[in-house]
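Everything below concerns the one structure shown next.
Everything numeric in this text was worked out from a predicted model, so none of it was measured.
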Amino acid sequence: VVVTLARVGVLMASNIGFHGDEAQYWSWSQDLAWGYYTKPPMIAWLIRAATVVCGDAEWCARAGSPLLHAGTSLFCALIAGRLFDSRTGFWAGLLFLTLPAVSFSNAVISTDVPLLFFWAVALYALLRVLDSRSPGWCVVLGIAIGFGLLSKYAMAYFVIGAILSCSLYREHRWFLISPYLFAVTLPAGLIVMPNIAWNIANGWVTVAHVGQNANL
């Protein structure tokens, strides 16, 4: 918490100028939609939410980064604590929060910030589902996947990884053929459906752009 508040304070005291991508994301936040040319809509929503609270200053537009990274750090701690022990969880959370790349990322607003947060939430929820077979955690997993896809389409790698992992571990294969999977896919599908509809209405422009970037 102290590290996160300090980083927000640094942002408030600095005026380093928007990077080109950040300026584009800010302009999107002035005209909210379910999708944009190069990215899904979460980054614009995040900036809009911040600027509604504290104005259009650069530090405010970027304020979501340290806050979401703090949330990601918390879920890293919860994941490691569940897999190992509380001491490991503490160090995992602290190490993530103090990584040089994360420290740099706190000073900019990018699509990777919400992606990492929702990825961490989804991974923790998946562990809870596999341990407890809880329908509630299935819904949380689906919501995290849906919002992760609205942050960056790279969230699809989480889905692929989860399927492969459950396929490889015999004790987890039940999940892939159980009704619990429906409790995950339903909220995820409902959340991402408006972005799919936006892409259909706009000639799949975002999907085509991502494919070009990946040289598919």
Side-chain angles (χ1 to χ4, degrees), residues 34-36 38-46 64-65 67-84 89 92-93 95-97 99 101-102 105 109-196 199 206-207 209-211 213-216:
W34 280 101
Y36 299 93
T38 60
K39 295 290 188 297
M42 182 61 71
I43 187 68
W45 298 354
L46 181 60
S65 287
L67 296 175
L68 282 178
H69 276 316
T72 305
S73 172
L74 172 62
F75 276 96
C76 283
L78 292 174
I79 291 165
R82 191 159 192 87
L83 290 174
F84 302 101
L95 286 172
F96 173 85
L97 196 60
L99 284 172
V102 173
S105 180
I109 186 71
S110 74
T111 53
D112 293 319
V113 176
L115 171 69
L116 288 174
F117 173 73
F118 289 117
W119 190 300
V121 174
L123 181 54
Y124 181 70
L126 177 61
L127 293 176
R128 296 298 300 264
V129 168
L130 296 177
D131 286 345
S132 65
R133 305 196 181 197
S134 165
W137 281 109
C138 288
V139 174
V140 173
L141 174 57
I143 291 172
I145 291 173
F147 283 136
L149 289 168
L150 291 185
S151 301
K152 197 170 185 176
Y153 294 139
M155 188 70 188
Y157 295 131
F158 174 89
V159 177
I160 295 171
I163 293 173
L164 287 175
S165 180
C166 290
S167 299
L168 291 172
Y169 288 90
R170 182 178 300 174
E171 64 269 29
H172 297 325
R173 289 175 188 166
W174 64 268
F175 177 63
L176 300 178
I177 55 174
S178 72
Y180 292 95
L181 192 61
F182 178 75
V184 175
T185 56
L186 180 60
L190 290 175
I191 289 171
V192 80
M193 188 60 68
N195 179 250
I196 295 175
N199 268 283
T206 310
V207 176
H209 173 79
V210 172
N213 282 351
N215 292 318
L216 294 178

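- Nearest heavy-atom pair across A80 and G89 is CB-CA, 3.7 Å.
- Rounding to the nearest 0.5 angstrom, the gap separating the CG atom in N199 from the OH atom in Y153 is 4.5 Å.
- When side chains are defined from C-beta on, L176 counts as touching S167, because their heavy atoms get closer than 4.5 Å.
- Residues L99 and L95 form no side-chain contact, since every pair of their non-hydrogen atoms from C-beta on lies 4.5 Å or further apart.
- Within the 4.5 Å cutoff, no side-chain heavy atoms of W174 are placed close to those of L181.
- Contact annotation: the side chain of L141 never approaches that of R128 to less than 4.5 Å [non-hydrogen atoms, C-beta and beyond].
- For L97 against S73, the heavy-atom pair with the smallest separation is CB-OG, 3.7 Å.
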Inset, instruction - Start with the C-alpha gap between L115 and T111, add the side-chain angles, then the distance that decides, and say whether side chain to side chain contact (heavy atoms under 4.5 Å, CB included) holds. - result: CA-CA 6 Å; L115 171 69; T111 53; over 6 Å; no
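- Atom CZ of F96 is separated from atom OG1 of T72 by 4.5 Å, given to the nearest 0.5 angstrom.
- Of all non-hydrogen atoms in M155 and A144, the two that sit nearest each other are CE-O, 4.1 Å.
- Using a 30° and 60° split on the angle between ring planes, F117 and F75 fall in the perpendicular class, above 60°.
- Among all heavy-atom pairs drawn from L46 and G64, the shortest one is CD1-CA, 4.4 Å.
- Considering all non-hydrogen atoms of both residues, P187 and G142 come closest at CG-CA, 3.9 Å.
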Inset, instruction - Could you give me the CA-CA distance, side-chain angles and deciding distance for C166 and L130, then say whether side chain to side chain contact (heavy atoms under 4.5 Å, CB included) is met? - result: CA-CA 9 Å; C166 290; L130 296 177; 4.2 Å; yes
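- Evaluation of the side chain to side chain donor-acceptor pair (under 3.5 Å) rule for R173 yields no partner, not counting sequence neighbours.
- S178 places a side-chain N or O within donor-acceptor distance of the main-chain N or O of F175, the cut-off being under 3.5 Å.
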Inset, instruction - Start with the C-alpha gap between D131 and R82, add the side-chain angles, then the distance that decides, and say whether side chain to side chain contact (heavy atoms under 4.5 Å, CB included) holds. - result: CA-CA 10 Å; D131 286 345; R82 191 159 192 87; 3.1 Å; yes
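- Between the side chain of Y180 and the main chain of C138, no donor-acceptor pair closer than 3.5 Å is present.
- Although no hydrogens or angles enter the test, the distance criterion places a donor-acceptor pair under 3.5 Å between the side chain of S151 and the main chain of F147.
- L68 contributes atom CG, which lies 12.0 Å from atom CG of D112 (distance to the nearest 0.5 angstrom).
- Taking all atoms of both residues into account, the shortest heavy-atom contact from S110 to S65 is N-OG, 4.5 Å.
- A donor-acceptor pair is defined here as one N or O able to donate and one able to accept, closer than 3.5 Å; no such pair exists between the side chain of N195 and the backbone of L150.
- A distance of 4.0 Å separates CD1 of I79 from CG of L123, quoted to the nearest 0.5 Å.
- Contact of the M42 side chain with the F118 side chain is registered, since non-hydrogen atoms from C-beta on lie closer than 4.5 Å.
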Legend entry - Test side chain to side chain contact (heavy atoms under 4.5 Å, CB included) applied to V113 and S105, step by step: CA-CA 8 Å; V113 176; S105 180; 3.5 Å; yes
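- Taking NE2 from H69 and SG from C76, the interatomic distance works out to 11.0 Å, rounded to the nearest 0.5 Å.
- Annotation: the span from L127 atom CG to W137 atom CH2 amounts to 10.0 Å, rounded to 0.5 Å.
- Neither side chain, H172 nor S165, offers a donor N or O lying under 3.5 Å from an acceptor on the other.
- For the pair T206 (side chain) and Y36 (backbone), a donor-acceptor distance under 3.5 Å is present.
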